[in-house]
S.K.: 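Take this structure first; my questions come after.
Computed from a prediction, not measured in an experiment: that's the story for all the values here. Excluded from the calculations below are hydrogen atoms, water molecules and symmetry mates; all remaining heavy atoms, backbone and side chain alike, are included.
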Amino acid sequence: MIKTLLSQVKEFKKASFLTPVYMILEVVVETLIPVAMALMIDNGVEKGDMAYIYRMGAVMAVLAIAGLITGILGGKYGALASSGFARNLRKAMYTNIQTFSFSNIDKFSTAGLITRLTTDVTNLQNAYQMLLRMCTRAPASLICAMTMAFLINAKLASVYLIAVIFLGLALFMILRRATKYFQEVFKKYDDLNASVQENISGIRVVKAYVREDYEISKFQKACNKVYEMFVRAEKLVVMNMPLMQFTVYACILCISWLGAKMVVGSSLTTGELMSLLTYCMNILMSLMMLSMVFVMVTMSIASAERVTEVINEKADLINPAEPVCEVPDGRIDFEHVSFRYKKEGKQNVLKDIDLSIHAGETIGIIGGTGSAKSSLVNLISRLYDVSEGSVKVGGIDVRNYDMEELRNQVAVVLQKNVLFSGTILENLRWGNKEATEEECKRACQLACADEFIQRMPDGYHTYIEQGGTNVSGGQKQRLCIARALLKKPKILILDDSTSAVDTATDAKIRKAFAEEIPDTTKLIIAQRISSIQSADRIIVMEDGRINGFGTHEELLANNPIYQEVYNSQTKGGGDFDENKGGELA
């Protein structure tokens with residue numbers, strides 16, 4: 001874990017080195033000031049030597065300025081190092097998340113990843129800055145002050161030693177008990193963020209069903225859990241301050257009482273007593289700073305484990321040693337494929353799938369909910385790896401391809417359509433970042449999106465809000481289809497991607513596909529028979545198996561599942577016939 005975290009310091013090593021150097025210099029300067037003060041009192045004030053007082057006053061002023069400068073530089077480089085460290089942590093996590101397969105992402109909740117990128121990294125940033133500054137300054141100040149105190153008077157300095165041992169044991173007991181609460185609290189943060197994310201993303205449903213009070217209550221429960229865990233931890237941690245104050249005042253009383261006796265007995269000078277009292281505050285302030293560091297480190301240990309877990313997570317899907325970098329054509333072969341989402345799972349989602357699809361074919365896929373239609377097509381672009389058998393594209397196992405090249409040639413419009421904040425053109429160019437505006441318009445014409453884009457105030461430069469909230473479901477689907485077409489893929493997969501489009505527009509889109517991209521293999525998952533009945537062949541899925549595979553006419557004659565779906569959809573007026581442009585009788 002420590003090795004992973006330190007590897008993110010990178011270009012901020014110099015700042016990380018200079019911070020403790022300046023902190024130590026500041027401590028050295030502060031340690032010399034009481035010495036100068038003692039000399040001024042003993043050799044200047046008591047002897048009435050004004051010239052000596054002025055000289056030592058000048059020395060103390062120079063030391064104070066030097067301490068100020070080193071303190072400022074230490075703060076500057078500490079902020080630079082900790083901020084850079086946090087930036088690199090976030091970048092490392094985010095970069096690694098981009099390499100995750102779907103199975104990797106399934107291990108971490110969205111809310112959990114957001115918490116790690118924000119709250120956890122902020123904790124580590126604060127802890128790193130405190131380690132560079134306070135964790136350097138406090139021990140250095142403690143050692144220097146203790147050394148000077150023992151050099152002045154070992155008997156009185158032993159009071160500090162007793163105080164250090166007492167406080168050290170007390171802090172150890174406090175932090176040991178508080179640690180377990182800090183480790184638990186960040187898990188509660190995940191629940192809190194999940195509640196917020198779910199509510200905001202589904203706010204329309206919440207309002208439609210008038211569930212605001214329920215959501216407020218659920219959020220309040222999540223807040224209370226975080227509150228309760230923090231209160232338990234803080235109840236222990238706050239004991240640090242009264243213990244510290246008790247020790248400080250006890251030391252001052254002991255030093256004053258014993259020191260006064262020694263001054264009267266001429267075994268200690270007044271200046272030395274003043275220095276010892278100053279060192280007393282230095283020592284105990286150092287202990288206080290160390291206690292703050294320990295609290296922050298204790299809190300950040302849980303964050304460190306969560307952050308390194310993401311950084312060190314290895315993608316389940318990786319490129320082979322010598323990947324194939326060209327997809328010959330859109331031919332697809334499933335050879336006795338079985339698949340389950342979890343390796344340790346016992347039940348397969350797909351069971352012994354064996355089929356061959358020719359390049360340029362249009363294949364319809366239909367089946368009930370949970371029949372594994374989406375799981376089937378997810379294997380083609382290697383979003384998951386098969387558990388048994390093999391999936392081949394262009395006659396080559398997908399596991400032998402360079403994943404970027406494979407996915408550039410297999411365009412997928414997923415069941416859940418996503419648009420990003422930005423203009424329509426910027427969203428379209430996710431398919432091809434080099435696409436011209438004319439190419440974008442042509443793709444939109446094929447996807448029947450051009451007609452509604454032209455009616456928008458700024459046309460193709462219209463800004464899409466986050467999540468595509470300012471376009472309808474059907475418009476969003478058509479934009480996603482156009483985006484996929486810009487890739488000019490050898491295989492196009494539409495995973496129920498025209499469900500929000502009316503049947504007439506659906507027919508136009510499929511007609512455009514047949515005329516404009518005849519060589520592209522097209523797989524269309526649909527719930528409507530009308531969306532796939534003109535396909536070259538249709539796959540009927542049931543319970544992770546292929547129940548039927550043939551043309552519309554063949555399945556209508558021989559497949560009971562297909563017959564049932566067809567009859568249920570055409571009963572009472574029929575379905576849309578794209579070739580005739582009207583209704584089926």
Side-chain angles (χ1 to χ4, degrees), residues 98-103 315-337 339 350 353-365 373-415 428-436 439-440 442-443 446-447 480-495 497 509-510 512-525 535-537 539 549:
Q98 303 311 306
T99 69
F100 286 179
S101 66
F102 281 14
S103 58
D316 291 342
L317 306 181
I318 58 173
N319 281 331
E322 296 181 3
V324 177
C325 294
E326 184 177 350
V327 180
D329 55 49
R331 180 160 52 98
I332 304 169
D333 297 293
F334 283 75
E335 297 181 353
H336 301 287
V337 169
F339 169 70
L350 292 171
I353 303 296
D354 196 51
L355 62 87
S356 181
I357 298 169
H358 307 302
E361 266 194 301
T362 298
I363 302 295
I365 304 175
K373 304 184 294 296
S374 296
S375 300
L376 180 76
V377 298
N378 282 341
L379 299 178
I380 297 171
S381 56
R382 206 187 170 199
L383 298 177
Y384 294 95
D385 267 344
V386 299
S387 302
E388 298 169 25
S390 64
V391 178
K392 294 182 178 180
V393 171
I396 301 170
D397 194 314
V398 294
R399 290 170 291 194
N400 294 331
Y401 279 111
D402 176 85
M403 283 192 290
E404 186 175 336
E405 180 60 32
L406 174 66
R407 290 171 185 172
N408 275 332
Q409 295 302 325
V410 181
V412 183
V413 183
L414 295 171
Q415 197 169 18
L428 292 172
R429 285 175 178 146
W430 273 68
N432 177 5
K433 61 183 179 181
E434 305 298 333
T436 63
E439 288 174 323
C440 291
R442 181 57 184 158
L446 295 177
C480 290
I481 292 170
R483 182 172 66 188
L485 290 174
L486 279 171
K487 294 179 74 170
K488 300 177 181 177
K490 290 185 169 66
I491 298 172
L492 175 64
I493 299 171
L494 303 179
D495 188 353
S497 302
I509 292 172
R510 284 181 281 111
F513 286 172
E515 294 175 354
E516 297 290 335
I517 50 173
D519 297 330
T520 297
T521 306
K522 297 166 281 291
L523 283 78
I524 304 171
I525 296 176
D536 297 315
R537 289 185 289 172
I539 299 171
F549 188 28

S.K.: So, the side chain of K522 versus the backbone of T520: is there a donor-acceptor pair under 3.5 Å, distance only?
M.R.: yes
S.K.: Measure the CZ-CG distance between R483 and L428 for me, rounded to the nearest 0.5 Å.
M.R.: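 Spacing of CZ (R483) from CG (L428) equals 8.0 Å.
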S.K.: Only counting residues at least two apart or in another chain, list the ones meeting salt bridge (Lys or Arg N to Asp or Glu O under 4.0 Å) with R407.
M.R.: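 Not a single residue meets the salt bridge (Lys or Arg N to Asp or Glu O under 4.0 Å) criterion with R407.
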S.K.: Contact between L379 and V398 at the side-chain level, heavy atoms closer than 4.5 Å - yes or no?
M.R.: no
S.K.: Do E361 and H358 have side chains that get closer than 4.5 Å, going by heavy atoms?
M.R.: yes
S.K.: Between D397 and N400 (side chain of the first, backbone of the second, donor and acceptor by atom type, cut-off under 3.5 Å), is there such a pair?
M.R.: no
S.K.: Can you name the salt bridge (Lys or Arg N to Asp or Glu O under 4.0 Å) partners of K392, sequence neighbours left out?
M.R.: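 So K392 forms a salt bridge (Lys or Arg N to Asp or Glu O under 4.0 Å) with E335.
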S.K.: In chain order, what residues pass the salt bridge (Lys or Arg N to Asp or Glu O under 4.0 Å) check against E404, with sequence neighbours excluded?
M.R.: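 Testing E404 for salt bridge (Lys or Arg N to Asp or Glu O under 4.0 Å), a comparison that skips the adjacent residues, returns none.
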S.K.: Grab the two heavy atoms, one from V410 and one from S381, that are nearest each other, plus how far apart they are.
M.R.: CG1-CB, 3.8 Å
S.K.: Which distance, rounded to the nearest 0.5 Å, do you find between the CG of L355 and the CZ of F549?
M.R.: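 Going from the CG atom of L355 to the CZ atom of F549 covers 5.5 Å.
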S.K.: Tell me the closest heavy-atom pair linking D495 and S374, and the distance in Å.
M.R.: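 Taking every non-hydrogen atom into account, OD2-OG, 2.7 Å.
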S.K.: Residues two or more places apart in sequence or in another chain: which of them pass side chain to side chain contact (heavy atoms under 4.5 Å, CB included) with K487?
M.R.: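 Side chain to side chain contact (heavy atoms under 4.5 Å, CB included) list for K487, sorted by chain: N408, A411, P489.
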S.K.: Please report the closest heavy-atom contact between V386 and R399, naming both atoms and the distance.
M.R.: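 Of all heavy-atom pairs spanning V386 and R399, the closest is CG2-NH1, 3.6 Å.
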S.K.: Where the side chain of D402 meets the backbone of N319, is there a donor-acceptor pair that is under 3.5 Å apart?
M.R.: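 No, because the side chain of D402 does not come within donor-acceptor range (under 3.5 Å) of the backbone of N319.
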S.K.: So, for A535 and G364, which heavy atoms are closest and what is the spacing to 0.1 Å?
M.R.: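 Nearest heavy atoms, A535 then G364: CB-N, 3.7 Å.
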S.K.: What are the two closest heavy atoms between I318 and R382, and how far apart are they?
M.R.: O-NH1, 3.1 Å
S.K.: Any salt bridge between K490 and E326, counting N to O under 4.0 Å?
M.R.: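 No, K490 and E326 are not salt-bridged.
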S.K.: L492 versus I517: any side-chain heavy-atom pair under 4.5 Å?
M.R.: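 Result yes, sub-4.5 Å side-chain heavy-atom pair found.
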S.K.: Is there a side-chain contact (heavy atoms from CB on, under 4.5 Å) between R442 and E516? Walk through the geometry before answering.
M.R.: CA-CA 11 Å; R442 181 57 184 158; E516 297 290 335; 2.5 Å; yes
S.K.: When you compare the side chain of I380 with that of L523, does any pair of heavy atoms fall below 4.5 Å?
M.R.: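 The answer is yes, as the side chains (C-beta and beyond) meet within the 4.5 Å cut-off.
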S.K.: Roughly how far apart are I396 CD1 and S390 OG, rounded to 0.5 Å?
M.R.: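 So the gap between those two atoms works out to 12.5 Å.
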S.K.: In this structure, are over 12 heavy atoms from other groups packed under 6.0 Å from Q98 atom CD?
M.R.: yes
S.K.: Can you confirm whether I493 sits close enough to V413 that some side-chain heavy atom of one is under 4.5 Å from a side-chain heavy atom of the other?
M.R.: no
S.K.: Decide side-chain contact (heavy atoms from CB on, under 4.5 Å) for Q409 and I491; before the verdict, give the C-alpha distance in whole Å, the side-chain angles of both, and the deciding distance to 0.1 Å.
M.R.: CA-CA 6 Å; Q409 295 302 325; I491 298 172; over 6 Å; no
S.K.: Would you please name every residue forming a side chain to side chain contact (heavy atoms under 4.5 Å, CB included) with K373, sequence neighbours left out?
M.R.: I365, S371, I525, Q527, M541
S.K.: Would you check if P323 and Y401 make a side-chain contact, meaning some heavy-atom pair closer than 4.5 Å?
M.R.: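 No, too far: nothing below the 4.5 Å cut-off.
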S.K.: Specify the closest pair of heavy atoms between D536 and G360, including all atoms of both residues, with the distance to one decimal.
M.R.: OD2-O, 4.3 Å
S.K.: Between F513 and T362, does a side-chain contact (heavy atoms from CB on, under 4.5 Å) hold up when you go through it step by step?
M.R.: CA-CA 9 Å; F513 286 172; T362 298; over 6 Å; no
S.K.: Working to the nearest 0.5 angstrom, can you tell me the gap between L350 CG and S375 OG?
M.R.: 5.5 Å
S.K.: Is the shortest side-chain heavy-atom distance between F334 and L376 below 4.5 Å?
M.R.: yes
S.K.: Go through the steps for T521 and I332 under the test side-chain contact (heavy atoms from CB on, under 4.5 Å), then give the verdict.
M.R.: CA-CA 9 Å; T521 306; I332 304 169; 4.1 Å; yes
S.K.: State which residues pass side chain to side chain contact (heavy atoms under 4.5 Å, CB included) with A443; sequence neighbours excluded, sorted by chain then number.
M.R.: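 Expected list: A482, L485, L486.
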S.K.: Between C440 and R429, is there a side-chain heavy-atom distance shorter than 4.5 Å?
M.R.: yes
S.K.: How long is the span from the CD1 atom in I357 to the CG atom in D333, to the nearest 0.5 Å?
M.R.: 8.5 Å
